[in-house]
Visitor: 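Right, I'll just put the structure down here and ask away after.
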Amino acid sequence: MPETFGSFILGTRKEKGISQKELAAMILREEDGKPISPQYLNDIEKNRRNPSSDHIIEQFAKALNVRSEYLFYLAGTFPEDIRSSGADQDAVVQLFNAFRKTTR
């Protein structure tokens, strides 16, 4: 079974000995600076929800000391700086093809 955002967060959290409550307290929402709820984190870890923003993904990367690029990949999205880069269709296709070649 392929790794998901939720399974990676769960595994890394457990590997580092951090409880759900502790990790949730480290992940601050951008809009109000308040931590996410343990229930929201539980939903993410069980793949019932996806991270709601780039900011949340970056917060997970920081809290767990992992690369945000991999988390963006697992979340099935690209960071805003890449999404807004203005890349044309051919450039995006070339990047996907290059990625496929390196992962086979």
Side-chain angles (χ1 to χ4, degrees):
M1 176 187 239
E3 187 163 54
T4 64
F5 186 90
S7 67
F8 182 80
I9 296 300
L10 173 65
T12 304
R13 176 180 65 74
K14 286 186 172 188
E15 183 179 286
K16 294 181 181 281
I18 303 170
S19 72
Q20 272 190 341
K21 188 174 182 178
E22 290 169 327
L23 181 57
M26 293 182 222
I27 310 300
L28 306 179
R29 299 182 305 207
E30 187 172 28
E31 56 274 5
D32 60 9
K34 293 183 180 178
I36 64 170
S37 70
Q39 181 58 50
Y40 178 69
L41 175 56
N42 186 58
D43 286 349
I44 286 175
E45 289 183 347
K46 294 192 182 301
N47 298 307
R48 291 189 294 247
R49 295 182 75 173
N50 291 318
S52 59
S53 68
D54 289 6
H55 177 77
I56 295 290
I57 294 171
E58 295 284 352
Q59 290 282 301
F60 275 113
K62 181 179 177 185
L64 296 171
N65 195 31
V66 296
R67 301 288 303 265
S68 64
E69 293 88 351
Y70 188 60
L71 294 184
F72 277 101
Y73 164 75
L74 291 175
T77 189
F78 293 100
E80 176 58 33
D81 65 315
I82 292 175
R83 289 193 310 265
S84 64
S85 69
D88 66 18
Q89 182 176 338
D90 290 336
V92 172
V93 170
Q94 286 177 346
L95 288 171
F96 272 90
N97 287 336
F99 180 77
R100 284 183 180 109
K101 285 179 186 174
T102 63
T103 58
R104 288 186 182 166

Visitor: Do Ile9 and Leu41 make a side-chain contact, defined as non-hydrogen atoms from C-beta onward lying under 4.5 Å apart?
Guide: yes
Visitor: Hey, does Phe8 have a side-chain heavy atom less than 4.5 Å from the side chain of Val66?
Guide: yes
Visitor: Roughly how far, to the nearest 0.5 Å, is the CG atom of Asn50 from the CG atom of Leu74?
Guide: 11.0 Å
Visitor: With a 4.5 Å cut-off on side-chain heavy-atom distances among I, L, V, M, F, W and Y, is there a chain of contacts connecting Leu28 to Ile56?
Guide: no
Visitor: Can you find a pair of side-chain heavy atoms, one from Thr77 and one from Phe5, that are under 4.5 Å apart?
Guide: no
Visitor: Is the backbone of Phe99 close enough, under 3.5 Å, to the side chain of Thr102 for a donor and an acceptor to pair up by distance?
Guide: yes
Visitor: Applying the 4.5 Å side-chain criterion to the ILVMFWY set and letting contacts propagate, would Met26 and Leu10 be lumped into a single cluster?
Guide: no
Visitor: Return yes when atom CZ of Arg67 has more than 12 non-hydrogen atoms of other residues, nucleotides or ligands closer than 6.0 Å, and no otherwise.
Guide: no
Visitor: Let's go through Asp43 and Gln39 carefully: what are the C-alpha distance in whole Å and the side-chain angles of both, what is the deciding distance for side-chain hydrogen bond (donor to acceptor under 3.5 Å, both in side chains) to 0.1 Å, and is it a yes or a no?
Guide: CA-CA 6 Å; Asp43 286 349; Gln39 181 58 50; 2.9 Å; yes
Visitor: Should Glu3 and Tyr70 count as side-chain neighbours, where that means a heavy-atom distance under 4.5 Å?
Guide: yes
Visitor: For Asp81, does the CG atom have more than 12 heavy-atom neighbours from other residues, nucleotides or ligands under 6.0 Å away?
Guide: yes
Visitor: Nearest 0.5 Å please: distance from the CD atom of Glu69 over to the CD1 atom of Ile57.
Guide: 11.5 Å
Visitor: Can you tell me how far CD of Gln20 sits from OG of Ser37, rounded to the nearest 0.5 angstrom?
Guide: 9.5 Å
Visitor: To the nearest 0.5 Å, tell me how far Lys62 NZ sits from Ser68 OG.
Guide: 12.5 Å
Visitor: What's the shortest heavy-atom distance between Leu23 and Ile18, and which atoms?
Guide: N-CG2, 3.6 Å
Visitor: Show the nearest heavy-atom pair for residues Asn47 and Ser7, with the distance to one decimal.
Guide: OD1-N, 4.1 Å
Visitor: When the ring planes of Phe78 and Phe96 are compared, do they come out parallel, tilted or perpendicular, using 30° and 60° as the limits?
Guide: perpendicular
Visitor: Nearest 0.5 angstrom please: Phe60 CZ to Ile44 CD1, how far?
Guide: 4.0 Å
Visitor: Just so I know, are the side chains of Asp54 and Glu30 near enough to count as touching, which here means a heavy-atom distance under 4.5 Å?
Guide: no
Visitor: Rounded to the nearest 0.5 Å, what separates atom NZ in Lys46 from atom CZ in Arg49?
Guide: 15.0 Å
Visitor: For the residue pair Lys16 and Leu64, what are the closest heavy atoms and their distance?
Guide: CE-O, 2.7 Å
Visitor: Treating Ser84 as the side-chain partner and Glu80 as the backbone partner, does any N or O pair qualify as donor plus acceptor under 3.5 Å?
Guide: yes
Visitor: Taking atom CD of Gln89 as the centre, report whether more than 12 heavy atoms of other residues, nucleotides or ligands fall under 6.0 Å from it.
Guide: no
Visitor: Where do Leu71 and Ala61 come nearest, in terms of heavy atoms and distance?
Guide: CD1-N, 3.5 Å
Visitor: Does the side chain of Phe72 reach to within under 4.5 Å of the side chain of Ile82, using non-hydrogen atoms?
Guide: no
